[in-house]
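One structure below.
As a basis for the values below, the full set of heavy atoms in this structure was taken, side chains included, without hydrogen atoms, waters or symmetry mates.
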Amino acid sequence: MQVWTELSQVPEDWGRSVVTIGNFDGVHRGHVAVLTRMVADARTARAHAVAVTFTPHPLVVHRPDDAPPRLLGDADRLELLEGTGLDAVLLVTYTLDFARQSPEEFVRRYLVDALHAATVVVGRDVRFGWQNSGDLATMRALGERYGFTVEVIDDVTPTVAADPGSAEDRAADALRRRWSSTWVRELLAAGDVVQAARVLGRPHRLRGVVVHGDARGRDLGYPTANLSPDATGMVPADGVYAGWLRRVRRADGTVVGTDDADRVLPAAVSIGTNPTFDGVQRRVEAYVLDRTDLDLYDEEVVLDLVERLRPTVRFDSVDALLEQMARDVEDVRRVLHG
């Protein structure tokens with residue numbers, strides 16, 4: 001998949017495209033359903049499948065106090081978009097100058113002149129151009145003017161599970177609504193990473209560089225990898241989680257290969273302020289099960305969160321904390337390997 005951050009990077013001989021526009025935060029099951037169908041249609045039409053997306057989220061520019069937390073950083077968003085089969089992504093840096101374009105100027109410059117759109121795929125609530133003045137009717141009128149068709153995608157909602165009565169089926173019935181990033185944020189804020197994974201189609205992930213902490217975990221016999229404060233991905237509710245730590249890039253910049261036996265490791269992930277030690281800074285730290293030999297400092301890692309085991313609590317003594325940590329490790333083992 002090609003990734004362009006400027007219009008000038010789009011090859012001049014780029015052929016006809018089927019294009020869609022969106023933030024694709026989380027790249028959840030609704031996004032994947034739309035994109036994979038779009039890719040299939042593009043293959044049938046012998047055209048390229050292209051997504052136009054934005055960084056940062058437009059609300060960060062227009063109303064920063066109201067901007068939602070991003071479910072994914074750009075690296076993970078692009079990785080997951082590639083998995084849908086897209087031929088290219090145009091990652092537009094969203095600025096006020098970009099936002100000042102009229103609807104027609106945006107369509108002409110980006111969709112027509114650069115990407116040679118044969119079809120533009122949008123939702124019924126599409127908005128684009130200065131002050132969101134462009135809507136579905138505007139897009140259809142511009143399609144007639146510039147020679148592309150407009151395909152409207154309806155909201156994608158959970159379907160009946162293959163196994164009626166399963167946990168997924170019950171969840172879909174209880175929460176019958178369209179797959180959405182808003183839904184995922186609500187679930188993560190409650191610490192429900194299991195249901196969030198059902199909406200996402202995969203475990204929720206955090207990505208960051210491992211930095212030095214207080215070394216308290218090492219002193220207690222549970223050395224942890226602390227994610228840097230600028231790690232990407234929405235941090236869910238405080239608590240202890242079962243998850244997987246995936247090593248991405250070593251401190252020297254080399255990529256950790258898929259054949260590396262230590263690439264994906266089971267982990268107990270703690271999110272919170274360490275109240276037993278009167279901590280005030282919220283942290284994300286992961287203990288790799290049964291491993292005290294790893295040196296992960298300055299490595300880039302991904303944490304996939306599988307299940308929340310318990311909330312964060314304050315213990316009356318270090319001994320009580322250690323007893324609970326031992327139980328946590330066994331619970332993680334049960335969740336990941338049971």
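- Side chains of T138 and D135: a donor-acceptor N/O pair is present below 3.5 angstrom, by distance only.
- When side chains are defined from C-beta on, I21 counts as touching M139, because their heavy atoms get closer than 4.5 Å.
- Side-chain contact check for V248 versus V256: every heavy-atom pair is 4.5 Å or farther apart.
- No side-chain heavy atom of Q281 sits less than 4.5 Å from a side-chain heavy atom of T273.
- Remark: the backbone N or O of G22 is paired with a side-chain donor or acceptor of T53 at under 3.5 angstrom.
- Inter-residue side-chain proximity for L78 and V89 is flagged as met; some heavy-atom pair is nearer than 4.5 Å.
- Note: Y287 and Y222 have perpendicular aromatic rings, judged against thresholds of 30 and 60 degrees for the angle between ring planes.
- A donor-acceptor contact shorter than 3.5 Å is absent between the side chain of H337 and the backbone of R334.
- Here the shortest heavy-atom pairing between A268 and L289 reads N-CD1, 3.7 Å.
- With contacts defined as side-chain heavy-atom distances shorter than 4.5 Å, the pair R308/D192 does not qualify.
- With hydrogens and angles ignored, the 3.5 Å screen pairs a side-chain donor or acceptor of D25 with a backbone N or O of L71.
- When the options D76, V302, L72 are evaluated for a side chain to side chain contact (heavy atoms under 4.5 Å, CB included) with T232, the one that passes is D76.
- E6 and W4 are not linked by any side-chain donor-acceptor pair at a separation below 3.5 angstrom, with hydrogens and angles left out of the test.
- Between the side chain of R77 and the backbone N or O of N23, at least one donor-acceptor pair lies under 3.5 Å.
- No donor-acceptor pair closer than 3.5 Å links the side chain of T5 to the backbone N or O of L91.
- There is no side-chain donor-acceptor pair under 3.5 Å between T95 and D97.
- Remark: the backbone N or O of P69 is paired with a side-chain donor or acceptor of R185 at under 3.5 angstrom.
- At a threshold of 4.5 Å between non-hydrogen side-chain atoms, the residues W244 and L336 count as touching.
- Residues L136 and V150 meet the side-chain proximity criterion, which asks for heavy atoms closer than 4.5 Å.
- Using the six-membered ring where Trp is involved, F106 and F98 have ring planes that are perpendicular, over 60° apart on the 30 and 60° scheme.
- With sequence neighbours excluded, the residues forming a side chain to side chain contact (heavy atoms under 4.5 Å, CB included) with A114 are L7, listed by chain and number.
- Residues forming a ring-ring contact (aromatic ring centres under 6.0 Å, His included) with F128 (at least two apart in sequence, or on another chain): none.
- Under a hydrophobic clustering in which Ile, Leu, Val, Met, Phe, Trp and Tyr are joined whenever their side-chain heavy atoms come within less than 4.5 Å, directly or via other members, L296 and V209 fall into different clusters.
- Ring centroid separation for the pair H48 and W14 comes in under the 6.0 Å cut-off.
- Under the 4.5 Å side-chain criterion, counting only non-hydrogen atoms from C-beta, R46 is not in contact with R16.
- T84 and T36 get closest at one heavy-atom pair: O-CG2, 3.9 Å.
- Side-chain atoms of D87 come within 3.5 Å of backbone N or O of A49 as a donor-acceptor pair.
- In this structure, Y94 and A99 approach most closely via the heavy-atom pair OH-CB, 3.4 Å.
- Between the side chain of T119 and the main chain of F148, no donor-acceptor pair closer than 3.5 Å is present.
- Across all non-hydrogen atoms, the minimal contact from P68 to L59 is CD-CD1, 3.8 Å.
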Inset, instruction - List the steps and the verdict of salt bridge (charged side-chain N to carboxylate O under 4.0 Å, His left out) for E300 and R246. - result: CA-CA 9 Å; E300 181 184 358; R246 174 162 59 94; over 6 Å; no
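- Ionic pairing of R108 and E105 is not present here: no N-O contact between side-chain nitrogen and carboxylate oxygen is shorter than 4.0 angstrom.
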